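Please read these numbers as outputs of a predicted model, since none were measured by experiment.
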Amino acid sequence: MKFTYFLNAFLATLAIASPIASGRDEETGLVARNDEEVLTDNYKAVAAAHPGLQKDKYYYFTIKNSLPDKVRDGDASTLTELQQLQQKLGFDHIGVLVGQVTETTRTKPGGKKGKPGKKITTKDFKGFYIHMTKGKDGKTAQHTSVWSDRGAESNQKIEYVGTTTKKGEDKAKAEAKSYVDEESHKVYSIDNNNCNSFAQAILAVLR
């Protein structure tokens, strides 16, 4: 009885004093380590634009770039054209980001036999970046690629637009291909067939 008393007293003291203690396992009676949460760069980037992201939900955003940021993906727009766009739109390029918030949890071994392990939950945003550029031949080119946040290297602004579904994501990808296949959209134009014209068409199927 005395041994059990002292053991319980020791465990109770440890639970209070230990900075990593987070609770007691009901089966073993042993104190578990704090669970850990890992946020990927992608998750942090979209969470900054829209706090309160929920697991498994689909969201969509716009990504606006301003000079001197490069458009990339082989964009053949001249500096003058990009400056005209920035003056006209307030940015020199825009694309649409659509994807899903994911959470995966794994448990680290507890170490001592019977001791509960630490749970590590990773929160991520798995998305696709959809945008249109000007090709060297003056024609339009659409790009749909797995998105990876460019962070501090990019003069970009991510803005939350709304929620969607897997079906909405698929429709956005299909619309990207259909848009540039239309005869009236095959040639890039600063005035009426630019990156924003394309982005608005994609946003329309997501709303």
Practice item. Taking only Lys NZ, Arg NE, NH1 and NH2, and the carboxylate oxygens of Asp or Glu, determine whether Lys134 and Glu81 approach each other closer than 4.0 Å. Key: yes
Check your understanding: Any side-chain heavy-atom pair from Phe91 and Leu82 closer than 4.5 angstrom?
Key -> no
Practice item. Begin with the C-alpha distance, continue with both residues' side-chain angles, and end with the deciding distance and a verdict on side chain to side chain contact (heavy atoms under 4.5 Å, CB included) for His143 and Met132. Key: CA-CA 6 Å; His143 310 272; Met132 187 181 80; over 6 Å; no
Revision key, fill the gap. Rounded to the nearest 0.5 Å, the OG1 atom of Thr164 sits from the CD atom of Gln100 at a distance of 11.5 Å
Exercise for review: Please work out whether the ring planes of His50 and Tyr59 are parallel, tilted or perpendicular, with thresholds of 30° and 60°.
Suggested key: tilted
Check your understanding: Which distance, rounded to the nearest 0.5 Å, do you find between the CD1 of Ile158 and the CG of Asn42?
Key -> 8.5 Å
Exercise for review: Decide, yes or no, whether a salt bridge links Asp170 with Lys166 under the criterion of side-chain N to carboxylate O below 4.0 Å.
Suggested key: yes
Check your understanding: Hey, mind stepping through Tyr43 and Phe125 against ring pair (Phe, Tyr, Trp, His ring centres under 6.0 Å) and telling me if it holds?
Key -> CA-CA 5 Å; Tyr43 183 91; Phe125 182 79; 8.3 Å; no
Point to revise | Pairwise distance OG(Ser178) to CD(Gln142) - rounded to 0.5 angstrom | key: 9.5 Å
Practice item. Would you mind listing the cluster partners of Tyr58? Hydrophobic ones only (ILVMFWY), side-chain contacts under 4.5 Å, chaining allowed. Key: none
Study note, to complete from the structure: In short, Ala199 meets Val96 closest at the heavy-atom pair O-CG2, 3.9 Å
**Study point:** Qualifying residue for side-chain hydrogen bond (donor to acceptor under 3.5 Å, both in side chains) with Asp124, from Thr104, Thr40, Thr102
**Key:** Thr40
**Study point:** Whether Asp41 side chain and Asp149 backbone form a donor-acceptor pair below 3.5 Å
**Key:** no
**Study point:** Identified salt bridge (charged side-chain N to carboxylate O under 4.0 Å, His left out) counterpart of Glu37 within the set Lys44, Lys118, Lys123
**Key:** Lys123
Practice item. Decide, yes or no, whether a salt bridge links Glu159 with Lys157 under the criterion of side-chain N to carboxylate O below 4.0 Å. Key: yes
Review point. Nearest 0.5 Å, what's the CG-OH distance between Leu97 and Tyr60?
Key: 12.5 Å
Exercise for review: Examine Tyr129 and Val180 and state if one hydrophobic cluster contains both, with Ile, Leu, Val, Met, Phe, Trp and Tyr joined whenever side-chain heavy atoms are less than 4.5 Å apart.
Suggested key: no
Exercise for review: Give the other cluster members for Val187, using side-chain heavy-atom distances under 4.5 Å between Ile, Leu, Val, Met, Phe, Trp and Tyr residues; answer none if it is isolated.
Suggested key: none
**Study point:** CD on Glu169 to NZ on Lys126, rounded to 0.5 Å
**Key:** 12.0 Å
Exercise for review: Check side-chain contact (heavy atoms from CB on, under 4.5 Å) between Thr105 and all other residues, then give those that pass, not counting sequence neighbours.
Suggested key: Lys119, Thr121
Check your understanding: Quick one: does Asn65's side chain have a donor or acceptor within less than 3.5 Å of a partner on Gln156's backbone?
Key -> no
Point to revise | Identified side-chain hydrogen bond (donor to acceptor under 3.5 Å, both in side chains) partner of Ser189 from the options Asp191, Asn192, Asn193 | key: Asn192
Review point. If you measure from NZ on Lys186 to CG on Asp181, what distance do you get to the nearest 0.5 Å?
Key: 6.5 Å
Practice item. Kindly confirm or rule out a cation-pi arrangement of Lys173 over Phe128, judged by NZ or CZ under 6.0 Å from the six-membered ring centre and within 45° of its axis? Key: yes
Practice item. Measure across Val98 and Ile130 and return the closest heavy-atom pair with its distance rounded to 0.1 Å. Key: CG1-CD1, 4.1 Å
Review point. Side chains of Thr140 and His185: donor-acceptor distance under 3.5 Å anywhere?
Key: no
